[in-house]
Asker: 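Provided herewith is a single structure, encoded as structure tokens, for subsequent inquiry.
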Amino acid sequence: MDIERQFEGYRQAALAAIAAAQTPQELEAVRVEFLGKKRGRLKELQGLIAKVSPEQRPTVGKLFNEVRTQVEAALRRRKAALEQPRRAAEGIDVTLPGRVPALGRRHPLTQTMDEFKDIMGRLGFDVAYGPEIEDEYHNFVALNIQEDHPARDPLDNFYLATARTQTAERDRTAVLLRSQTSTVQIRVMERQPPPVRIVSLGRVYRPDTVDRTHHWMFHQMEGLMVDVDVTMAQLKTVLRLFATAFLGQDVAIRFRPSFFPFTEPSVEVDMWFDGDWLEIGGAGMVDPNVLTAVGYDPERVSGFAFGLGVERFCMQRYGIGDIRWFTENDVRFLRQF
Ligand code: DAH
């Protein structure tokens with residue numbers, strides 16, 4: 001039948017034109033040509049239906065609707081495809097999701113120390129800083145550590161290979177990587193009169209044999225409070241509040257008598273945590289010799305000081321089994337924090 005051939009011709013022409021359209025504008029022109037309400041080619045075909053015999057009309061009408069539905073659907077699909085962002089010339093699909101950049105994060109020890117500063121800040125302690133390369137005066141002499149004290153043994157310290165003189169200047173010229181953050185106590189008290197209430201956090205260095213719990217570089221938090229009538233009871237309370245704030249439960253603090261040249265009396269500090277006593281550092285009442293060395297009057301002021309190992313706390317909290325992991329830079333470890 002002639003009219004059926006005309007429909008078929010229309011169908012093929014319309015589908016080919018739709019497929020060939022490369023832009024939404026071109027496609028719109030195709031739409032107007034083939035489906036336009038006023039002068040479109042579909043309109044012409046519709047006119048033909050009126051001319052067939054009444055018996056043929058239902059068949060022809062059905063065919064007409066089929067063709068129209070198919071062409072309209074093809075047009076909708078092509079329109080959606082053309083409105084998508086287009087592929088770049090090199091064949092890069094710009095519609096793919098982007099690559100998420102790998103974000104870094106703060107080292108677990110940095111996070112721990114930041115939290116220490118927060119907790120101690122709430123207890124009224126400022127943060128003080130001191131150099132990692134120290135002279136013997138600040139690392140030993142002012143801290144009442146005598147010349148013959150074993151802690152000054154060159155084999156137990158990282159002395160730097162500077163010219164070593166034997167003159168009175170030696171205290172100030174022989175330098176080493178600090179072996180303790182207690183050096184910062186001296187630096188702070190030299191700078192300011194009492195009262196003092198500071199913590200200082202940072203690296204210390206000792207030529208230890210490395211194993212699961214020892215390293216030649218580790219971190220300490222030093223604390224110092226000097227004022228009139230500072231007592232050991234206050235020291236114990238501060239340490240208990242600190243440990244409780246960090247570990248999130250009521251931990252007990254125990255003092256064991258000990259000796260440090262810069263404190264009198266001196267204690268080792270243990271913490272009751274998870275069913276065990278754990279050694280967390282040293283502490284005591286600042287020795288009068290130290291107060292005198294920085295020009296404070298030991299008759300008028302007293303103070304307490306403490307030094308805690310940062311790695312200990314961090315390992316305890318996160319269940320880290322080996323101190324070496326902190327410095328191996330293995331992202332599988334670091335990503336967990
Ligand atoms: N500096 C000591 C150490 O590294 C720790 C220490 C003990 C610090 C007693 C103190 C203190 O401030 O009072 O082993």
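Both counts, for ligands and for their atoms, begin at 1 and track the order of listing. When reading the values below, keep in mind they use all heavy atoms of this one structure, side chains included, and skip hydrogens, waters and symmetry mates.
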Asker: What protein heavy atom is closest to atom 1 (N) of ligand 1, reported as residue, atom name and distance in Å?
Answerer: Gln180 OE1, 2.7 Å

Asker: Quick one: name the residues clustered hydrophobically with Val100, using the 4.5 Å side-chain heavy-atom rule over I, L, V, M, F, W, Y, and just say none if it's on its own.
Answerer: none

Asker: Among protein heavy atoms, which sits nearest to atom 8 (C) of ligand 1, and what does the distance come to when rounded to 0.1 Å?
Answerer: Gly307 N, 3.3 Å

Asker: Does any N/O atom on Ser179 come nearer than 3.5 Å to any N/O atom on ligand 1?
Answerer: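 No, since none of the N or O atoms of Ser179 sits under 3.5 Å from an N or O of ligand 1.
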
Asker: Does Arg317 make a cation-pi contact with Phe246, if we ask for NZ or CZ under 6.0 Å from the ring centre and within 45° of the axis?
Answerer: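 Satisfied, under 6.0 Å and within 45°.
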
Asker: Considering both backbone and side-chain atoms of Phe262, is one of its nitrogen or oxygen atoms within less than 3.5 Å of a nitrogen or oxygen in ligand 1?
Answerer: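 No.
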
Asker: May I ask you to list the atoms of ligand 1 that are less than 4.0 angstrom from any heavy atom of Gly284?
Answerer: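 Those atoms are 13 (O).
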
Asker: Quick one: CZ on Arg122 to CZ on Phe242, what's the gap to the nearest 0.5 Å?
Answerer: 10.5 Å

Asker: I'd like to know whether Arg77 forms a salt bridge (Lys or Arg N to Asp or Glu O under 4.0 Å) with Glu72, so could you lay out the CA-CA distance, the side-chain angles of the two residues, the decisive distance to 0.1 Å, and finally the verdict.
Answerer: CA-CA 9 Å; Arg77 277 198 305 275; Glu72 281 174 353; over 6 Å; no

Asker: Give the atom numbers and elements of ligand 1 that come within less than 4.0 Å of a heavy atom of Gln220.
Answerer: 3 (C), 4 (O)

Asker: Which atoms of ligand 1 have any heavy atom of Arg206 under 4.0 Å away?
Answerer: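 In order of number, 3 (C), 4 (O), 14 (O).
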
Asker: Does the Lys NZ or Arg CZ of Arg254 fall within the cation-pi geometry relative to Trp277 - under 6.0 Å from the ring centre and within 45° of the axis?
Answerer: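 Positive - Arg254 is close enough to the ring of Trp277 and near enough to its axis.
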
Asker: Can you tell me if Phe304 contacts ligand 1 (heavy atom of the residue under 4.0 Å from the ligand)?
Answerer: no

Asker: List every atom of ligand 1 that sits less than 4.0 Å from any heavy atom of Thr263, numbering the atoms from 1 in the order shown and giving each element.
Answerer: 13 (O)

Asker: List ligand 1 atoms under 4.0 Å from Phe260, heavy atoms only on the residue side.
Answerer: 7 (C), 9 (C)

Asker: With respect to atom 9 (C) of ligand 1, which of Ser266, Ala283, Ser182 exhibits the smallest heavy-atom separation?
Answerer: Ala283

Asker: I want to check something: taking the side chain as every heavy atom from C-beta on, are His219 and Leu201 in contact at a cut-off of under 4.5 Å?
Answerer: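 His219 does not reach Leu201 side chain to side chain.
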
Asker: Are Asp208 and Arg206 within salt-bridge range, i.e. N to O under 4.0 Å?
Answerer: no

Asker: Any side-chain donor paired with an acceptor under 3.5 Å for Gln180 and Gln220?
Answerer: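 Absent: no donor and acceptor within the cut-off.
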
Asker: Give me the nearest non-hydrogen protein atom to atom 12 (O) of ligand 1 as residue plus atom name, then the distance to 0.1 Å.
Answerer: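 For this ligand atom, the closest protein heavy atom is Glu222 OE2, 2.6 Å.
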
Asker: Quick check on contacts: which atoms of ligand 1 are under 4.0 angstrom from a heavy atom of Gln185?
Answerer: 12 (O)

Asker: Could you state the interatomic distance from CG (Leu27) to CD (Gln25), rounded to the nearest 0.5 Å?
Answerer: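 The CD atom of Gln25 is 9.5 Å from CG of Leu27, to the nearest 0.5 Å.
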
